[in-house]
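Encoded as structure tokens, the structure appears first; notes follow it.
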Amino acid sequence: AVALALGTLSGFLPRPWRWPPWPQLLRRATGYLVMPALGEELLFRGLLLPHPLEGMAAAASLAWIALSVGLFVLYHPLAARLWYPQGRQLFRDPRFLLQCSWLGLACALAYSLSGSLWWAVLIHWLAVLIWLEPLQGRQRLLSPAAADRSPTHGHGTDSLLLEIDD
């Protein structure tokens, strides 16, 4: 909710929302579940964060969460530079990086509080699905010229996002 409010106020997120037809949405949603949701959560939460049952002190847990969120945010510009050219403009936008920070924090807290990676995957998947589909981030990635004219851009970390086409 905070990310939606800040994104709308900053002009980063468009209005109105537009959902694609259901068959397209279901195909794409399945792909988004695999990557980025599951793939990134395995890396940035599953491998980096200690499990809550390990009994780590609160300060140490917060430090690991900060590291997880920081690396998650830094990963996006690095991905754009090295293997995801569609994201080059977007992944340098401070508004997008702020959205990444909120998403990373929400996912890290979900994992740390529940002990289940699936809550983080679900949050990540829903955020990406809403971002790419009704908020039209996918169109921004497919059309760099549109991204140049608009403050609204796409999100993605793998070519899978764009290969799941109509």
>> Show me the pairs that pass salt bridge (Lys or Arg N to Asp or Glu O under 4.0 Å) and involve residues 116-136, at least two apart or across chains.
In response: Arg28-Glu133

> Heavy-atom distance under 4.5 Å between the side chains of Leu6 and Phe12, does that happen here?
Replying inline: no

>> Under the salt bridge (Lys or Arg N to Asp or Glu O under 4.0 Å) definition, can you give me all pairs with a residue in residues 58-84, not counting sequence neighbours?
In response: none

> Who passes side chain to side chain contact (heavy atoms under 4.5 Å, CB included) against Pro94, sequence neighbours left out?
Replying inline: none

> Sequence neighbours excluded, which residues qualify as side chain to side chain contact (heavy atoms under 4.5 Å, CB included) partners of Leu74?
Replying inline: none

> When rounded to the nearest 0.5 angstrom, what is the spacing between OH in Tyr75 and CG in Leu43?
Replying inline: 7.5 Å

> Should the ring pair Phe96 and Phe91 be called parallel, tilted or perpendicular, given that the plane angle runs from 0 to 90° and is split at 30 and 60?
Replying inline: parallel

Identify every side-chain donor-acceptor pair in residues 45-52 under 3.5 Å, counting partners at least two apart or on other chains, and give the distances.
{"residue": "Arg45", "atom": "NE", "partner": "Glu41", "partner atom": "OE1", "Å": "2.7"}
{"residue": "Arg45", "atom": "NH1", "partner": "Ser68", "partner atom": "OG", "Å": "3.1"}
{"residue": "Arg45", "atom": "NH2", "partner": "Glu41", "partner atom": "OE2", "Å": "2.9"}
{"residue": "His51", "atom": "ND1", "partner": "Leu53", "partner atom": "N", "Å": "3.1"}
{"residue": "His51", "atom": "NE2", "partner": "Gly115", "partner atom": "O", "Å": "2.9"}

> Under the 3.5 angstrom rule, does the side chain of Trp125 hit a backbone N or O of Ala29 as a donor-acceptor pair?
Replying inline: yes

> In terms of ring plane angle, is the pair His76 and Phe72 parallel, tilted or perpendicular, where the classes change at 30° and 60°?
Replying inline: perpendicular

> CG of Leu135 to CG of Leu4: how many Å apart, nearest 0.5 Å?
Replying inline: 6.5 Å

> Which pair of heavy atoms, one from Val69 and one from Ser101, lies closest together, and at what distance?
Replying inline: CG1-O, 3.8 Å

> In chain order, what residues pass the side chain to side chain contact (heavy atoms under 4.5 Å, CB included) check against Leu78, with sequence neighbours excluded?
Replying inline: Leu82

> When rounded to the nearest 0.5 angstrom, what is the spacing between CE in Met35 and CG in Leu42?
Replying inline: 10.0 Å

> Which residues satisfy the side chain to side chain contact (heavy atoms under 4.5 Å, CB included) test with Pro23, sequence neighbours excluded?
Replying inline: Pro21, Arg27

>> Please check: side-chain N/O of Arg88 versus main-chain N/O of Ala80, any donor-acceptor pairing under 3.5 Å?
In response: yes

> If we only count heavy atoms from C-beta on, is the Leu33 to Leu129 side-chain gap below 4.5 Å?
Replying inline: no

>> Could you measure the distance from the OG1 atom of Thr30 to the OH atom of Tyr32? Nearest 0.5 Å is fine.
In response: 10.5 Å

> If only atom types and distance count, is the side chain of Ser10 paired as donor or acceptor with the main-chain N or O of Gly7 below 3.5 Å?
Replying inline: yes

> Quick one: does Cys107's side chain get under 4.5 Å of His124's, heavy atoms only?
Replying inline: yes

>> Does Trp19, at its CH2 atom, have more than 12 non-hydrogen atoms belonging to other residues, nucleotides or ligands within less than 6.0 Å?
In response: yes

>> Let me confirm one number: the CZ-CG distance from Phe44 to Leu71, rounded to the nearest 0.5 Å.
In response: 6.5 Å

>> Arg92: which residues meet the side chain to side chain donor-acceptor pair (under 3.5 Å) condition with it, sequence neighbours left out?
In response: none

Side-chain donor-acceptor pairs under 3.5 Å in residues 116-123, sequence neighbours left out?
{"residue": "Ser116", "atom": "OG", "partner": "Trp118", "partner atom": "N", "Å": "3.2"}

>> Minimum heavy-atom separation for Pro16 and Gln136, please, with both atom names.
In response: O-NE2, 3.2 Å

>> Nearest 0.5 Å, please: how far is CG in Leu67 from CG in Leu62?
In response: 12.5 Å

